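Worth saying up front: this structure is predicted, and the values here are computed from it rather than measured. One-based numbering, in listed order, for ligands and for the atoms of each.
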Amino acid sequence: MNREQKIIAFCCNWCSYAAADLAGISRLQYPASIRIIRVMCSGMVHPEMVMHALAQGAAGVMIIGCHLGECHYIKGNEMALARAEVITDTLEDLGYASEQFQLTWVSSAEPERLVEAFRNMCGRLAVLQSEQSADHIM
Ligand code: FES
């Protein structure tokens with residue numbers, strides 16, 4: 001993945017944002033390309049926000065919310081899950097790859113899981129970009 005490229009991670013205040021804090025306290029390292037945006041709930045992230053981030057040049061976008069059944073606003077993460085299907089369908093219509101979007105659940109006590117999700121997203125995007133450059137060469 002290009003060093004300049006960014007991955008936008010919308011993190012729920014109550015879980016993944018707290019997990020990111022804990023990752024920092026625990027000195028867990030995650031890729032420098034990750035840019036965290038704190039939201040109060042994963043259900044607040046409208047699909048247009050995802051599309052806007054990609055249109056502005058983000059390599060990928062993540063939405064990271066509380067585990068299902070643990071949303072502080074009861075059904076926010078269920079809404080995020082329903083929107084994820086719409087986002088995935090829309091991505092390909094707009095010429096993006098489905099790999100450029102990921103919805104994940106992480107609790108505040110799971111900083112390792114959060115860091116692993118960040119690394120997996122970076123790895124997926126690196127593979128995608130190398131496949132795309134190989135396609136351009138052929
Ligand atoms: S409060 Fe965390 S996903 Fe809703």
Exercise for the section: Pull out every atom of ligand 1 sitting under 4.0 Å from any heavy atom of Tyr73, numbered as shown with elements. Expected result: 1 (S)
Handout entry: Backbone N/O of Gly43 and side chain of Arg83: donor-acceptor pair under 3.5 Å
Key = yes
Handout entry: Within reach of ligand 1, part of Glu70 (heavy-atom separation under 4.0 Å)
Key = neither
Exercise for the section: Determine the sole option in Ile87, Thr88, Asp89 for which the side-chain contact (heavy atoms from CB on, under 4.5 Å) test with Ser98 is passed. Expected result: Thr88
Practice task
Would you check if atom 4 (Fe) of ligand 1 lies under 2.8 Å from any N, O or S atom of Cys12?
Solution key: no
Problem - Atoms in ligand 1 with a heavy atom of Met40 nearer than 4.0 Å - result: 1 (S)
Fill in the blank from the handout: Under 4.0 Å from one or more heavy atoms of Ser42, ligand 1 contributes atoms 3 (S)
Problem - Flag side-chain contact, heavy atom, 4.5 Å: Ser42 against Cys66 - result: no
Handout entry: Close side-chain approach of Trp105 and Asn77, heavy atoms under 4.5 Å
Key = yes
Practice task
Go through ligand 1 atom by atom and flag the ones less than 4.0 Å from a non-hydrogen atom of Cys66.
Solution key: 1 (S), 2 (Fe), 3 (S)
Problem - For Trp14, atoms of ligand 1 separated by under 4.0 Å from a heavy atom - result: 1 (S)
Exercise for the section: Mark up the atoms of ligand 1 that fall under 4.0 Å of a heavy atom belonging to Cys41, in ascending order. Expected result: 1 (S), 3 (S), 4 (Fe)
Practice task
For the pair Gln129 and Gln5, evaluate side-chain contact (heavy atoms from CB on, under 4.5 Å) and give the outcome as yes or no after the intermediate values.
Solution key: CA-CA 11 Å; Gln129 289 176 356; Gln5 290 187 306; 2.7 Å; yes
Handout entry: Residue and atom name of the nearest protein heavy atom (relative to atom 1 (S) of ligand 1), distance in Å to one decimal
Key = His72 N, 3.3 Å
Practice task
Please check if the side chain of Arg35 supplies one atom and the backbone of Lys6 the other of a donor-acceptor pair under 3.5 Å.
Solution key: no
Exercise for the section: Say whether, by atom type as modelled, one donor and one acceptor occur between the side chain of Glu70 and the main chain of Ser107 under 3.5 angstrom. Expected result: no
